[in-house]
Amino acid sequence: MQKRWNILAADEQKVDKLYQSLKIHPALCKVLIQRGIDDFSAAKQYYRPQLSDLHDPWLMKDMQKAVGRLMAAMEQQEKILVFGDYDVDGITSVSCMFSFLRKHYESSKVDFYIPHRYREGYGISQQGIDYARDNGFTLIISLDCGIKSVDLIGYARDLGIDFVVCDHHTPDAILPPAVAILNPKQPDCPYPYKELCGCGVGFKLIAALTQQMQLPSIEAEEYLDLVATAIAADIVPMTGENRILAFYGLKKANETPNFGISALKKLSKLESALFINSLVFMIAPRVNAAGRMDDARKAVQMFIAASETEAQQYAELLHSDNTNRKEADKNITDEALAMLEGNLELKEKKSTVIYQPHWHKGVVGIVASRLIDHYYRPTIVLTQSGEYVAGSARSVAGFNVYEAIHQCKDLLLGYGGHFYAAGMTLEPGNVEAFRARFEEVVSATIPPELLIPEIIIDGEIPFRDLKQPFYNIIHQMEPFGPDNTKPVWVTRNVMNSGYSRVVKDNHIKFSLRQENILFNGIGFNMARKFYLLQEQKPLDVVFTLEENVWNDEKHLQLKVIDFRLSES
């Protein structure tokens with residue numbers, strides 16, 4: 001698949017000014033300018049994050065009300081139910097809040113509730129509220145959900161159950177009748193940072209409670225490794241407070257981790273330090289697998305376990321769910337690709353909507369992402385769910401798939417989501433009409449260039465500048481994530497040294513030369529482009545700079561993202 005290369009520009013005067021104060025390589029100054037870091041003090045805050053730079057939790061709208069209601073509940077010996085969604089953000093949020101309350105209130109008066117993905121669906125459920133009523137709970141704290149549950153929270157209120165909502169999803173015009181709503185995305189919320197995940201909002205409530213109860217700040221900070229896991233998994237911007245929370249969360253995950261993180265790390269056979277990527281690709285999938293394949297409660301039980309042995313037992317269940325998830329994901333992806341390969345009409349469309357009633361509902365979102373790797377366009381994968389059809393949508397960079405689905409709403413029973421991912425349910429009889437309408441909407445609104453994957457390149461650099469001190473400064477830009485990605489470089493006019501080869505049928509081991517400098521590298525899933533190396537012509541290569549540690553020796557290497565013949 002041909003890709004567009006987009007090399008970012010930056011104001012040269014600003015770059016030079018920053019270089020004068022930082023004295024680091026101009027290419028790195030350019031990256032910082034592109035990311036809004038334009039003076040010494042901003043660079044210091046960026047490279048040396050401090051917990052003291054976190055905003056005061058009391059700035060969040062309704063924080064006084066939320067803390068007041070919780071303190072009253074504790075004084076009056078009320079039963080409190082901690083309610084959260086079945087994904088990583090919801091599970092970590094519930095684990096943090098439940099652990100904090102259990103520690104500083106009577107454990108017999110606190111419980112948690114995670115709705116079942118298939119029996120109850122996303123967000124607040126009537127079943128959950130009825131559970132609270134039947135068991136004498138008078139206060140529910142909802143985490144990572146609740147902002148859109150106007151009717152259900154009204155139903156709870158009529159039963160005498162109060163809600164404190166901690167959410168980060170965009171609110172509608174009508175808000176639920178909760179006693180307090182903590183959500184920095186409320187238009188009238190003065191909280192300075194708007195991009196917290198659900199667990200981040202919950203952490204702010206814990207921080208405010210810690211202050212109110214005159215506890216040391218460490219009582220809130222002990223949950224930072226779980227907050228970092230949620231930030232990594234929920235793909236929120238790695239800027240501002242999220243970056244500070246993730247930085248200190250990773251520090252805690254590597255020094256004194258939660259028993260659950262420790263158990264999952266062992267099962268993943270990871271012996272090196274945890275980075276954000278470790279949380280995204282090793283910890284998060286195992287936590288998510290619980291809700292995808294079975295019941296997410298056991299993921300909370302792992303994170304709140306009182307010992308490593310107990311956490312290990314739950315971690316093994318999650319590991320097993322994840323193995324099943326991977327098998328289902330592979331089988332369905334193979335089947336879906338075969339359906340697309342064999343259908344010329346489907347292959348030529350601007351969107352993919354694909355349906356099989358026997359596919360596992362828990363993995364259709366993952367499969368949609370996999371299909372985009374092969375056919376780069378907005379994609380929906382549907383399956384049978386009870387009497388109805390349910391599915392997940394994933395998008396390509398720059399296209400609002402939620403808005404496209406919104407334009408098909410008369411054909412749907414329900415839908416929800418955001419710019420890049422969404423879910424929907426519909427009657428089986430409407431699948432074909434929905435497929436046609438979605439294609440019509442996408443075809444009419446997607447600019448042609450969005451159907452070609454884009455590689456954002458931070459800057460151009462010659463091989464001679466790729467030295468250890470240069471890498472060390474990149475390493476200090478961690479943790480990486482959206483809006484603070486690992487810098488991507490292009491080097492022009494390099495030659496294949498003659499030692500490049502295909503490994504494991506699909507990947508390329510590179511050995512590239514520019515002037516007299518040789519760099520080794522790896523390019524995953526690039527074997528189809530190996531013929532370009534064999535032409536022995538100058539190449540332009542796009543990569544990130546990595547450090548390879550082998551037998552206690554460190555070497556810089558390239559992780560190649562793309563390459564093509566040089567134009568001159």
Side-chain angles (χ1 to χ4, degrees), residues 4 6 35-36 85 87-90 122-123 144-148 167-173 183-187 189 193-201 230-243 280 284 288 349-353 364-373 375-382 390-409 411-412 414-426 434 437-456 480-485:
R4 289 179 290 142
N6 177 1
R35 297 180 189 194
D85 213 18
D87 65 0
V88 177
D89 197 10
Y122 168 81
D144 189 36
C145 59
I147 196 68
K148 294 180 188 291
D167 205 346
H168 69 122
H169 297 100
T170 306
D172 293 331
N183 185 337
K185 289 198 179 89
Q186 291 181 86
C189 178
Y193 188 70
K194 305 295 181 185
E195 302 299 335
L196 293 170
C197 62
C199 192
V201 176
I231 289 168
D234 225 51
I235 320 178
V236 286
M238 194 61 79
T239 56
E241 277 199 311
N242 282 342
R243 197 158 166 279
V280 172
N288 262 332
K349 289 182 184 292
K350 299 277 185 7
S351 69
T352 300
V353 179
V364 290
I366 301 171
V367 172
S369 297
R370 304 248 190 265
L371 295 183
I372 288 174
D373 291 340
Y375 298 95
Y376 193 75
R377 58 201 188 191
T379 297
I380 296 175
V381 179
L382 299 166
S392 280
R394 295 293 182 270
S395 194
V396 296
F399 184 75
N400 190 335
V401 74
Y402 176 80
E403 187 51 45
I405 290 165
H406 176 69
Q407 291 182 50
C408 311
K409 66 176 188 285
L411 297 170
L412 301 172
Y415 66 101
H418 47 84
F419 199 101
Y420 285 119
M424 73 292 302
T425 52
L426 59 158
F434 175 66
R437 173 86 63 81
F438 185 72
E439 170 64 18
E440 194 182 301
V441 171
V442 173
S443 296
T445 55
I446 196 163
E449 67 271 14
L450 292 193
L451 293 167
I452 304 165
E454 180 183 52
I455 300 172
I456 305 287
F480 295 121
D483 297 350
N484 185 50
T485 50

Between A421 and R394, the two heavy atoms sitting closest are CB-NH1, 3.6 Å

- prompt: Considering only heavy atoms from C-beta outward, does the side chain of C199 approach that of D144 to under 4.5 Å?
  reply: no

OG (S395) and CG (L450) are apart, to the nearest 0.5 Å, by 8.5 Å

Check: If we only count heavy atoms from C-beta on, is the I235 to Y420 side-chain gap below 4.5 Å?
Finding: no

Contacts of Y193 meeting side-chain hydrogen bond (donor to acceptor under 3.5 Å, both in side chains) (sequence neighbours excluded), chain-then-number -> T239, N242

* Asked: Within a reach of under 6.0 Å around CD1 of I455, are more than 12 heavy atoms found that belong to other residues, nucleotides or ligands?
  -> yes

#### Entry: Beyond-backbone contact of N400 with T445, side-chain heavy atoms, under 4.5 angstrom
no

Can you confirm whether L426 sits close enough to L411 that some side-chain heavy atom of one is under 4.5 Å from a side-chain heavy atom of the other? no

Closest non-hydrogen contact found for K350 with L451 is CD-CD1, 3.2 Å

Exercise. List the steps, then state whether side-chain contact (heavy atoms from CB on, under 4.5 Å) holds for K185 with I147.
Key: CA-CA 10 Å; K185 289 198 179 89; I147 196 68; over 6 Å; no

The reported gap from CG in D89 to NE2 in H168 (rounded to nearest 0.5 angstrom) is 4.5 Å

* To do: Check the pair N484 / R243 against side-chain contact (heavy atoms from CB on, under 4.5 Å), numbers first and verdict last.
  => CA-CA 9 Å; N484 185 50; R243 197 158 166 279; 3.3 Å; yes

Interatomic distance, CZ@R4 vs CD1@I456, rounded to 0.5 Å, equals 8.0 Å

*asked:* Just so I know, are the side chains of V236 and L196 near enough to count as touching, which here means a heavy-atom distance under 4.5 Å?
replied: no

Handout entry: Y376 (side chain) donor-acceptor with L371 (main chain) under 3.5 angstrom
Key = no

With a 4.5 Å cut-off on side-chain heavy atoms, are R377 and V442 touching? no

Residues A230 and V88: closest non-hydrogen pair is CA-CG1, 4.3 Å

One should read off an interatomic distance between T170 OG1 and K194 NZ, to the nearest 0.5 angstrom, of 11.5 Å

Rounded to the nearest 0.5 Å, the OG atom of S351 sits from the CZ atom of R437 at a distance of 13.0 Å

In this structure, are over 12 heavy atoms from other groups packed under 6.0 Å from K409 atom NZ?
no

So CE of M238 and CD1 of I231: to nearest 0.5 Å the spacing works out to 6.5 Å

Here the pair of heavy atoms bringing F438 nearest to V401 is CZ-CG2, 3.9 Å

Residues at least two apart in sequence or cross-chain that pass side-chain hydrogen bond (donor to acceptor under 3.5 Å, both in side chains) with K349, listed by chain then number, are none

- K148 atom NZ, over 12 foreign heavy atoms within 6.0 Å: yes

Between A284 and A233, the two heavy atoms sitting closest are CB-CB, 3.8 Å

Between D167 and G146 the two heavy atoms that sit nearest each other are OD2-N, 3.4 Å

message: Is there a side-chain contact between T485 and F480 in this structure, where contact means two heavy atoms from C-beta onward sitting under 4.5 Å apart?
response: no

